[in-house]
Amino acid sequence: MKTNIATELVKGLPLEISDAARLVVECVEELGEQFNSRDLLLRRLRRVLREGVRAVQLSEHTQSFETTAWASVEARAARRPTTRRDLRSFVRRMLRVDGVADMPLRAMTARDCRELLQAAFGKSQSSYKKGRAILHSIFAFGMRREWCDTNPVDRIEVPLVQEQHIPPLSLEEIKRLEHTARRPEHAAMRSSLSLMLYCGLRPNEVKRLRPEDIRLAEREIIIRPAVSKTGGGRVVPLRHPLPGRLSIPPNWEARWRSLRRAAGFTHWKADSCRHSFASYHAAWFRDIHSLQYEMGHCNAELLRTRYVSPVARRAAQKFWRDIPPPQPAEPGD
């Protein structure tokens with residue numbers, strides 16, 4: 001009778017009763033437990049069955065790496081255009097690696113990710129580091145969608161990137177830039193140059209400024225969060241008067257390159273004006289915490305290790321011209 005019931009239960013399945021019995025025995029052996037009660041064994045087997053089915057379903061619920069990568073980029077549609085452009089560029093470089101696009105996200109291992117990063121960005125430590133961060137964010141997005149359970153990039157070391165030293169511009173180099181900016185063909189860049197040199201603004205922050213961000217009466221500049229690279233707003237003192245009214249000319253980047261070339265700079269290191277501001281500020285005002293705030297850094301360590309270079313006190317005095325350094329506080333103030 002029981003044999004007939006068992007036969008009816010597996011009817012329609014490509015399975016013999018002996019196959020079902022063998023699977024039960026294998027399951028009990030894998031559990032490694034002793035079962036003296038039929039009810040206890042049945043409860044245990046049902047739990048194994050339910051959780052096993054769920055595990056199999058999860059293992060098959062995934063997307064290809066390409067689908068996940070582009071979905072993660074779309075999820076950051078509110079980011080700045082330059083940020084989205086960088087994300088798309090790095091994703092394209094990853095997808096050009098043979099065999100990566102169609103790999104199931106859930107099946108990718110730390111070794112797969114390490115080989116992907118090496119193939120796409122192995123020639124540059126800084127690109128490798130940024131590529132690793134973007135790859136980590138792709139897997140984090142996949143985990144939120146339940147397309148994978150772990151982030152294999154966690155097991156890939158963050159490379160130590162040796163930052164390139166960027167020395168401050170000399171007073172003679174600054175003089176050449178300012179003199180060139182007075183020429184009619186470069187005059188539209190005079191205020192931009194002043195903001196980078198004497199306020200420490202990044203080029204992209206200058207390009208995004210609006211006229212109402214310049215408060216001449218208060219002698220300060222408002223850097224809105226939407227303008228800042230790090231997304232945090234700040235107020236920067238306008239110590240030197242702007243040479244003319246603020247205007248952001250079209251083709252700003254091309255004009256900035258043209259001004260540098262006309263001033264005799266054949267090789268320009270990015271953010272040279274910002275590094276110069278930091279070094280001359282530290283040498284004259286000697287207030288690292290104010291400098292940290294004005295530059296929009298979350299801590300002062302980056303200033304000390306990368307931005308601030310030794311500058312002679314007399315050179316700093318000439319850079320800031322008629323601006324006196326702050327006086328030390330009187331005792332009891």
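Quick note: numbers below take in every heavy atom, side chains included, and nothing from hydrogens, waters or symmetry partners.
Between D271 and R202 there is no salt bridge, since no side-chain N of the basic residue sits under 4.0 Å from a carboxylate O of the acidic one. Salt bridge annotation for E253-K207: present, with a cationic side-chain nitrogen under 4.0 angstrom from a carboxylate oxygen. We find that D86 and K130 are joined by a salt bridge, their nearest charged nitrogen and carboxylate oxygen being less than 4.0 Å apart. A salt bridge between R111 and E115 is present, with a side-chain N of the basic residue lying under 4.0 Å from a carboxylate O of the acidic one. Under a 4.0 Å N-O distance rule, the pair R255/E185 does not qualify as a salt bridge.
Annotation: side chain of I221 is in contact with side chain of L209 (closest heavy-atom distance under 4.5 Å). Side-chain atoms of R274 and M196, non-hydrogen and from C-beta on, never get closer than 4.5 Å to each other. Between S258 and H186 there is a side-chain heavy-atom pair separated by less than 4.5 Å. For the pair D213 and I223, the minimum side-chain heavy-atom distance is 4.5 Å or more. At least one side-chain heavy atom of L195 sits under 4.5 Å from a side-chain heavy atom of L242. When side chains are defined from C-beta on, E178 counts as touching L197, because their heavy atoms get closer than 4.5 Å. Within the 4.5 Å cutoff, the side chain of V91 has no heavy atoms near those of the R88 side chain. The side-chain heavy atoms of H275 and S309, taken from C-beta on, include no pair separated by under 4.5 Å.
Rounded to the nearest 0.5 Å, atoms CD (E173) and SG (C273) are 10.5 Å apart. The distance from atom CZ of R92 to atom CG of L87, rounded to the nearest 0.5 Å, is 10.5 Å. Distance OG1/T266 to CZ/R261: 11.0 Å, rounded to 0.5 Å. Between atom CD1 of residue I166 and atom OG of residue S276 there is a gap of 9.5 Å, rounded to the nearest 0.5 Å.
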Using side-chain contact (heavy atoms from CB on, under 4.5 Å), reason through R76 and T83 one step at a time and then give a plain yes or no. CA-CA 9 Å; R76 286 177 275 191; T83 302; over 6 Å; no
Under the side-chain contact (heavy atoms from CB on, under 4.5 Å) rule, what do D19 and L23 come out as? Steps first, then yes or no, please. CA-CA 6 Å; D19 296 328; L23 288 173; 5.5 Å; no
Criterion side-chain contact (heavy atoms from CB on, under 4.5 Å) on K129 and S124, from CA distance to verdict: CA-CA 9 Å; K129 184 176 182 180; S124 167; over 6 Å; no
Go through the steps for S194 and S191 under the test side-chain hydrogen bond (donor to acceptor under 3.5 Å, both in side chains), then give the verdict. CA-CA 5 Å; S194 182; S191 58; over 6 Å; no
Taking it one step at a time, do R84 and V73 satisfy side-chain contact (heavy atoms from CB on, under 4.5 Å)? CA-CA 7 Å; R84 296 199 304 272; V73 172; 5.6 Å; no
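Using bins of under 30°, 30° to 60° and over 60° for the plane-to-plane angle, the ring pair W268/F265 lands in the perpendicular bin. Below 30°, between 30° and 60°, or above 60°: for W320 and H240 the angle between ring planes is above 60°, a perpendicular geometry.
Under the ring pair (Phe, Tyr, Trp, His ring centres under 6.0 Å) criterion, F139 pairs with no residue, sequence neighbours left out.
Under a 3.5 Å cut-off, the side chain of N251 and the backbone N or O of A254 do not form any donor-acceptor pair.
I138 and M143 fall into different hydrophobic clusters, where Ile, Leu, Val, Met, Phe, Trp and Tyr residues are linked whenever their side-chain heavy atoms come under 4.5 Å apart, directly or through other members. One hydrophobic cluster, built from ILVMFWY side chains closer than 4.5 Å, cannot hold both L42 and V48; they sit in different ones. Residues V311 and I288 fall within the same hydrophobic cluster, defined by Ile, Leu, Val, Met, Phe, Trp and Tyr side chains chained together at heavy-atom separations under 4.5 Å. When the side chains of ILVMFWY residues are joined at heavy-atom separations under 4.5 Å, either directly or via intervening members, I222 and Y293 end up in a single hydrophobic cluster. Both L216 and V236 are part of a single hydrophobic cluster, where members link through side-chain heavy atoms under 4.5 Å apart.
Residues W252 and S192 bring a donor and an acceptor atom of their side chains to less than 3.5 Å of each other. A donor and an acceptor atom, one from each side chain of R260 and T180, are nowhere located under 3.5 Å apart.
Not less than 6.0 angstrom separates the ring centroid of Y128 from the ring centroid of F121.
Between R234 and the choices E205, E294, E220, the salt bridge (Lys or Arg N to Asp or Glu O under 4.0 Å) rule is met once, by E205.
Geometrically, R93 engages F90 in a cation-pi contact, judged by NZ or CZ lying under 6.0 Å from the ring centre and within 45° of the ring axis.
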